[in-house]
K.L.:
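Below you'll find the structure I mean.
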Amino acid sequence: MIGEASIIIEVSDAKDAGLRIEIIGGDVKAPYGDDIYAAVEEYVKDWFDLHRDLSPFYELAGGDPLLNEPVNQFYGLRVMGISDLFEAMCWGIIGQQINLAFAYTLKRRFVETYGRAVEANGEVYWLFPKPETIAALTVIDLEPLRMTVKKSEYLIETAKHIVSGKLTKEILLQGDSLETAEKQLVSIRGIGPWTAHYVIMRCLRFPTAFPIDDVGLHNAIKHVLGMDRKPTKKELLELSYGWSGWESYATFYLWRLLY
DNA sequence: ACCCAGGAGACTG
DNA sequence: CAGTCTCATGGG
């Protein structure tokens, strides 16, 4: 989205020339102005976290028993962003305490019920629902999606916070402090430590964000170390001690092992 | 039928 | 503040 206008883009590998980005549809009409191209380029750079130099991470990962394998296997992988705060928070709320398969089902129902469809090259793309739309709902409206009543409440309340203007990406980023942003997020009903760190990782892009309670992270560690159980909190703290400064990247690479 | 899932809030000591 | 209990719905 650029303002209220949607732009559908396709990103592909241009080999030595880097990434190839093509505008394939949306609300904008060709010929596109330089401002459109500039906005798209910046969006993709933020989305792929291309502004970040990963060499310090690869340096520490090389000597880390947990990260050595995934870093070799997925070299070049970056933490993919969710630039829209509402979308990042919703995805975190939806993903709480359910398996990923069901989480994807719920997200699809949510988006295809309350989002906007945009067609390009004969395919339908869904824009994420706007907070104004969700803020106007009641839990009864969300019943058919079959998420828990609590999740419905959390989504609607989060939408209202954003619509009020008191919760924005810019406000969370004021002070450039993970702790400050976390404190604000956790004060919202339905946002606990896991979701706060998930949002700080995917949307605010702090490489130090660390959803340490994440079950996927626990299972990935169990897998890499060949354990017959998940690691305890104490073991997690010890194993992640060397990740300082790059916790979100360590987590993201370990998640990737589970696909 | 059973256990678990990219947790959070309420309650207790 | 740190543990424990409860919740709610579907996947495997």
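Keep in mind that the numbers below use all heavy atoms, side chains included, and drop hydrogens, waters and symmetry copies.
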K.L.:
Please write out each protein N/O paired with an N/O of nucleotides 9-13 of chain B under 3.5 Å, distance rounded to 0.1 Å.
P.N.:
| residue | atom | partner | partner atom | Å |
| --- | --- | --- | --- | --- |
| B:dG9 | OP1 | A:Gly190 | N | 2.4 |

K.L.:
Using OP1 and OP2 only, check whether a side-chain N or O of A:Asn219 sits under 4.0 Å from B:dA5.
P.N.:
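It does, given that an N or O in the side chain of A:Asn219 lies less than 4.0 Å from OP1 or OP2 of B:dA5.
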K.L.:
Establish, from distance only, whether the side-chain atoms of A:His218 and A:Glu235 form a donor-acceptor pair under 3.5 Å.
P.N.:
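Checked: A:His218/A:Glu235 side chains show no N/O donor-acceptor pair below 3.5 Å.
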K.L.:
Can you say whether the rings of A:Tyr249 and A:Phe57 are parallel (under 30°), tilted (30 to 60°) or perpendicular (over 60°)?
P.N.:
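The rings of A:Tyr249 and A:Phe57 sit tilted, inter-plane angle from 30° to 60°.
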K.L.:
Which letters describe nucleotides 7-12 of chain C, given B = protein heavy atom under 4.0 Å from base, S = only from sugar-phosphate, - = neither?
P.N.:
-BSBS-
K.L.:
For the residue pair A:Phe128 and A:Phe86, does the interplanar ring angle fall in the parallel (under 30°), tilted (30 to 60°) or perpendicular (over 60°) class?
P.N.:
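Ring orientation of A:Phe128 relative to A:Phe86: perpendicular.
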K.L.:
Going through the distances and angles, do A:Trp246 and A:Phe210 end up as a ring pair (Phe, Tyr, Trp, His ring centres under 6.0 Å)?
P.N.:
CA-CA 9 Å; A:Trp246 293 93; A:Phe210 190 24; over 10 Å; no
K.L.:
Do the side chains of A:Arg109 and A:Arg146 get nearer than 4.5 Å, heavy atoms only?
P.N.:
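Yes, at least one pair of side-chain atoms sits under 4.5 Å.
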K.L.:
Angle class for the A:Tyr253/A:Tyr58 ring planes (parallel below 30°, perpendicular above 60°, tilted otherwise)?
P.N.:
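Plane angle over 60°, so perpendicular.
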K.L.:
Need one value for A:Lys233: base, sugar-phosphate or nothing, where a base atom within 4.0 Å counts as base even if backbone is also close, heavy atoms only.
P.N.:
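Result for A:Lys233 = nothing.
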K.L.:
Just to be sure I understand the rule, does A:Phe252 reach a base, reach only the sugar-phosphate, or reach nothing, if contact means heavy atoms closer than 4.0 Å?
P.N.:
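Since no nucleic acid heavy atom lies under 4.0 Å of A:Phe252, the category is nothing.
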K.L.:
Measure all distances between protein nitrogen or oxygen atoms and nitrogen or oxygen atoms of nucleotides 1-4 of chain C, and list the pairs falling under 3.5 Å.
P.N.:
none

K.L.:
Checking all strands, does A:Asp213 fall into the base, sugar-phosphate, or nothing category for heavy-atom contacts under 4.0 angstrom?
P.N.:
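Sugar-phosphate: the residue A:Asp213, judged by heavy atoms under 4.0 Å, touches backbone atoms but no base.
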K.L.:
Quiz question: by atom type and distance under 3.5 Å, do the side chains of A:Arg202 and A:Tyr198 form a donor-acceptor pair?
P.N.:
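Note: A:Arg202 and A:Tyr198 side chains meet the donor-acceptor criterion.
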K.L.:
Mark yes or no: A:Arg78 above the aromatic ring of A:Phe48, with NZ or CZ under 6.0 Å from the six-membered ring centre and no more than 45 degrees from the axis.
P.N.:
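Not satisfied by the 6.0 Å and 45° rule.
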K.L.:
I'd like to know if A:Lys150 pairs up with A:Glu153 as an ion pair, taking the criterion as any Lys NZ or Arg NE/NH1/NH2 lying under 4.0 Å from an Asp or Glu carboxylate oxygen.
P.N.:
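Result for this pair is yes, salt bridge flagged.
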